[in-house]
Amino acid sequence: MIEMQDVWKTYSNGTHALQGVSVKIDRNEFVYLVGPSGAGKSTFMKLIYREEVPTKGQISVNGFNIGKLKQRKIPYVRRNIGVVFQDFRLLPRLTAYENVAFAMEVIEAPNRLIRTRVPEVLELVGLKNKANRDPSQLSGGEQQRVAIARAIVNNPSVIIADEPTGNLDPENSWEIMQLLDEINFRGTTIIMATHNKDIVNSMRRRVIAIEHGHIVRDQMRGEYGYDF
Ligand code: ADP
């Protein structure tokens, strides 16, 4: 469970990115974050995976108050959150297999577990046969599948996805959405920022709209609701 109570984020240049946000996201929800560019969507997500800390207010993730977390405890919270970006962010000199394995090596998972778990998630994302390719030998959709495999390999309870279909054509976008839907069905909370009207309007999940750092709409089975 994720809970924000009156969260404010002001960057050092004085930009008020979030201004008094309160929200609860339950285990197993699928949430779309929508709103204009610069509204505060990425900031909202960065606060959850503790890339940023709030200026004011409280954020708890699975019962941990992450704004107050001691530096040495940050890895424990982070390993419970997988992150997927618009631009994939794979390590270019490593194969698909190695990119996914790396996420397990970072948390010092035993080699025995890495050898069984990595092929399992590559199979789940449909890339079992391309495990030995470098990112440059994979299509955009395939690279995003590797990034999703990397995000889920340590069994996080939450996946944060910042415009994961932003660089993909419609067909690949739908395939990525099917994959995220399947991951959600298996029990992972998904929070996804998007400008993809078609996806939001046909999947009909919870929609949280942010404008100027405020939540202006929060609907179950919501719609995209903008013309951009
Ligand atoms: P969105 O994801 O909805 O496009 P962001 O959360 O990225 O919005 O940005 C919200 C506001 O905060 C914008 O005005 C943006 O320019 C500003 N902002 C984002 N990151 C920083 C930063 N590191 N330093 C200063 N301002 C920032």
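When reading the values below, keep in mind they use all heavy atoms of this one structure, side chains included, and skip hydrogens, waters and symmetry mates. Read the numbers this way: they start at 1 and go in the same order the structure lists the ligands and their atoms.
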Same apolar cluster: Val23 and Met1, side chain cutoff 4.5 Å: no
Can you tell me which residues line ligand 1 if we count any heavy atom under 4.0 angstrom from one of its atoms, in chain and number order? Tyr11, Asn13, Thr15, Ala17, Pro36, Ser37, Gly38, Ala39, Gly40, Lys41, Ser42, Thr43
Check this for me, if you would: do Asp218 and Lys24 make a salt bridge, where the nitrogen-to-carboxylate-oxygen distance has to be below 4.0 angstrom? no
Set of residues satisfying salt bridge (charged side-chain N to carboxylate O under 4.0 Å, His left out) with respect to Lys197, sequence neighbours excluded: Asp227
In terms of hydrophobic clustering (I, L, V, M, F, W, Y; side-chain heavy atoms under 4.5 Å; direct or indirect links), are Met4 and Tyr49 co-clustered? yes
Taking Lys41 first and then Glu163, would you say they form a salt bridge - that is, a charged N and a carboxylate O separated by under 4.0 Å? no
Is any side-chain N of the basic residue among Glu120 and Arg117 closer than 4.0 Å to the acidic one's carboxylate O? yes
